[in-house]
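Order of the sequence lines fixes the chain letters, A, B, ..., with proteins taken first and strands second; residue numbering starts at 1 for each chain.
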There are 2 protein chains.
Amino acid sequence: MHQPKDLQSAGLKATLPRLKVLSLFETSKERHLSAEDIYNILHSSGEDVSLATVYRVLTQFEHAGLLMRHHFESGKSVFELNHGEHHDHIVCLQCDHVEEFYDAAIEARQKKIAAEYGFTIHEHSLYIYADCTKPNCPNKR
Amino acid sequence: MHQPKDLQSAGLKATLPRLKVLSLFETSKERHLSAEDIYNILHSSGEDVSLATVYRVLTQFEHAGLLMRHHFESGKSVFELNHGEHHDHIVCLQCDHVEEFYDAAIEARQKKIAAEYGFTIHEHSLYIYADCTKPNCPNKR
DNA sequence: TGTGCAAATGATAACCATTCTCATTCTCAT
DNA sequence: ATGAGAATGAGAATGGTTATCATTTGCACA
Ligand SMILES: [Mn+2]
Ligand SMILES: [Mn+2]
Ligand SMILES: [Zn+2]
Ligand SMILES: [Zn+2]
């Protein structure tokens, strides 16, 4: 699964909880996970990690650049592996299905707008909230 | 200041707390206010409204279409008068200064992207987090 | 390969924004 | 003016997250 190297090169000791959380992100079919998601998934497979540690590890991984944090409207932070390429999200309001996209035109316009207003961009968040068309989505129609 | 008509046409009784909150939005120089902001401003001018009522009224105004709610990274909801025209925001990470913008190209791209992925857009949120160049901003340079 | 100590963890209390509860007060149609 | 129902205030409760601190663990070094 993991090389302790992954963590040590990030300046983090290779502890069991950290290995488990990182492994979960690498094997889960859902890219975007909340602290509670992770806590529940680990516990349901007998891998007990305290909720406090899950929160701590997520924040550490975020600072180390291993994970990215997102603030969807759900109110809870959602994390995903940082693969180094920025992207934005379309979130289904009915089933929480998330699609990722990158649009060079939107990125360029943002840079231009910030410059016009005299701002230096740190980051941005663009979330499109919508209804998806997945067959199993509760958008009953 | 206000006509009770404003509220009644929105299906809301013209109560004192509601009149005060609406008046505050119309007279404040800062368009974007949190529940705590409103609570503090009202109290510092001797207009006591309970915090629970501030929260209730803000949510009612949002549902009535009088206010719009935003989720900045601060973690707390921020509200502004709904003037009917959608816009997005640039938020200074140092001084919380907010600029509003509307970009037709960005809006058009979002519609197109959502359609490509088979989503029907409900709404979207675009926040650019940046450093501003206000003279009083703690961007010491 | 064992030891020591700093760092990490677990359990739980605390925190903060927000919502709920319910007894009291207010609004407004009559 | 009155009364029924809606709104308010005070504070308890909630949900997500962080802080505290005693105990356990990783790992550099002997
Ligand atoms: Mn993503
Ligand atoms: Mn605005
Ligand atoms: Zn869906
Ligand atoms: Zn600033």
Side-chain angles (χ1 to χ4, degrees), chain A residues 1-24 32-43 46-64 66-79 96, chain B residues 2-24 32-43 46-64 66-80 96:
Chain A
M1 301 288 102
H2 307 285
Q3 319 310 106
K5 167 172 62 69
D6 296 342
L7 290 172
Q8 307 218 315
S9 64
L12 298 167
K13 285 187 183 174
T15 66
L16 251 28
R18 298 210 262 237
L19 273 304
K20 289 173 183 171
V21 171
L22 192 50
S23 173
L24 176 49
H32 305 88
L33 299 169
S34 69
E36 196 188 2
D37 290 339
I38 290 161
Y39 178 82
N40 288 335
I41 294 172
L42 289 179
H43 272 245
E47 311 276 3
D48 287 14
V49 175
S50 92
L51 186 54
T53 298
V54 171
Y55 275 104
R56 276 187 295 239
V57 167
L58 289 173
T59 299
Q60 291 158 350
F61 284 4
E62 180 195 11
H63 292 155
L66 294 173
L67 294 179
M68 283 184 303
R69 179 195 299 262
H70 300 293
H71 299 95
F72 295 160
E73 275 193 358
S74 65
K76 44 177 73 171
S77 288
V78 170
F79 298 82
D96 291 330
Chain B
H2 308 286
Q3 320 309 106
K5 167 171 63 68
D6 295 341
L7 290 172
Q8 308 219 312
S9 65
L12 297 167
K13 287 186 182 175
T15 66
L16 252 29
R18 298 210 262 237
L19 273 304
K20 289 173 183 170
V21 170
L22 192 51
S23 175
L24 176 49
H32 305 89
L33 300 169
S34 69
E36 197 186 2
D37 290 339
I38 290 161
Y39 178 82
N40 289 334
I41 294 171
L42 288 178
H43 273 245
E47 310 275 2
D48 288 12
V49 176
S50 91
L51 186 54
T53 297
V54 171
Y55 275 104
R56 277 187 293 239
V57 167
L58 289 173
T59 299
Q60 290 159 351
F61 284 4
E62 180 195 12
H63 292 154
L66 295 172
L67 294 180
M68 282 185 303
R69 180 195 299 260
H70 300 292
H71 299 95
F72 295 160
E73 275 193 359
S74 66
K76 43 178 72 171
S77 288
V78 169
F79 298 82
E80 70 177 316
D96 290 331

*Asks:* State whether the side chain of B:R18 and the backbone N or O of B:K13 hold a donor-acceptor pair below 3.5 Å, judged by distance alone.
*Replies:*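 It does hold such a pair.
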*Asks:* Starting at CD of B:E62 and ending at C1' of C:dT18, how long is that distance when rounded to a whole Å?
*Replies:* 13 Å
*Asks:* Of the nucleotides D:dT18, C:dT27, C:dC28, which one has an atom closest to the side chain of B:T15?
*Replies:*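 Of the options given, the side chain of B:T15 lies nearest C:dT27.
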*Asks:* Expressed in angstrom and rounded to an integer, what is the separation of B:F72 atom CZ from C:dA17 atom P?
*Replies:*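 It works out to 16 Å between those atoms.
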*Asks:* So B:H70 and B:S77, do their side chains get closer than 4.5 Å, heavy atoms only?
*Replies:* no
*Asks:* Just jot down the salt bridge (Lys or Arg N to Asp or Glu O under 4.0 Å) partners of B:E73, sequence neighbours excluded, or say none.
*Replies:* none
*Asks:* Taking atom P of D:dA10 as reference, at what distance in whole Å does atom CG of B:L51 sit?
*Replies:* 11 Å
*Asks:* Which nucleotide wins on minimum distance to the side chain of B:A35, given the candidates D:dG9, C:dA7, C:dT18?
*Replies:*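 So the nucleotide nearest the side chain must be C:dT18.
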*Asks:* Measure from the side-chain heavy atoms of B:K13 and tell me the nearest of C:dG10, D:dA6, C:dT19.
*Replies:*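 Looking only at side-chain atoms, B:K13 lies closest to D:dA6.
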*Asks:* Could you check how far CG of B:L58 sits from C1' of D:dA7, rounded to whole Å?
*Replies:* 15 Å
*Asks:* Check this one for me: any side-chain N or O of A:Q8 less than 4.0 Å away from OP1 or OP2 of D:dG26?
*Replies:*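 No, no such contact exists.
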*Asks:* On DNA chain C, check which nucleotide each of B:Y55 and A:L16 is closest to and give me the residue with the more 5' one.
*Replies:*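 So the residue in question is A:L16.
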*Asks:* Distance check needed: C:dA17 C1' versus B:Y39 OH, whole Å only.
*Replies:* 14 Å
*Asks:* Let me know the distance between CZ of A:R56 and C1' of D:dT25, rounded to the nearest Å.
*Replies:*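 It is 13 Å, rounded to the nearest whole Å.
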*Asks:* Measure from the side chain of B:E36, starting at C-beta and using heavy atoms only, and say which of D:dT8, C:dA17, D:dA10 lies closest.
*Replies:* C:dA17
*Asks:* Rounded to the nearest 0.5 Å, how far apart are OG1 of A:T59 and CZ of A:R69?
*Replies:*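 Taking OG1 in A:T59 and CZ in A:R69, the distance rounds to 4.5 Å.
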*Asks:* So, the side chain of B:H43 versus the backbone of B:V49: is there a donor-acceptor pair under 3.5 Å, distance only?
*Replies:* yes
*Asks:* C:dT9, D:dG26, C:dT19: which one has an atom nearest the side-chain heavy atoms of A:R18?
*Replies:* C:dT9
*Asks:* To the nearest 0.5 Å, how far apart are CG in A:L19 and CG in A:L12?
*Replies:*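 Rounded to the nearest 0.5 Å, the CG-CG separation comes to 11.0 Å.
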*Asks:* By the 4.0 Å heavy-atom rule, please label A:S77 as base, sugar-phosphate, or nothing.
*Replies:*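 Contact class for A:S77: sugar-phosphate only.
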*Asks:* Looking at D:dA7, I'd like to know if its phosphate oxygens (OP1 or OP2) sit under 4.0 Å from a side-chain N or O belonging to B:Q60.
*Replies:* no
*Asks:* The side chain of B:V49 is closest to which nucleotide in this list: D:dG9, C:dA11, C:dT18?
*Replies:*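 The listed nucleotide nearest to B:V49's side chain is D:dG9.
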*Asks:* Mind grabbing the angle between the end helix axes of the helix from C:dT1-D:dA30 to C:dT30-D:dA1? Five pairs an end, 10° rounding.
*Replies:* 30°
*Asks:* To the nearest Å, how far apart are B:H63 NE2 and C:dT19 C1'?
*Replies:* 13 Å
*Asks:* Which whole-number value in Å describes the distance from A:K76 NZ to D:dT17 P?
*Replies:*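 Checked: the NZ to P distance equals 7 Å.
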*Asks:* Rounded to the nearest 0.5 Å, what separates atom CG in B:L67 from atom CG in B:L22?
*Replies:*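 Those atoms lie 7.5 Å apart.
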*Asks:* Output yes when at least one side-chain N/O atom of A:S50 is less than 4.0 Å from OP1 or OP2 of C:dG10, else no.
*Replies:*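 For A:S50, the contact criterion (side-chain N or O under 4.0 Å from OP1 or OP2 of C:dG10) is met.
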*Asks:* Is any side-chain heavy atom of A:H71 closer than 4.5 Å to a side-chain heavy atom of B:H71?
*Replies:* no
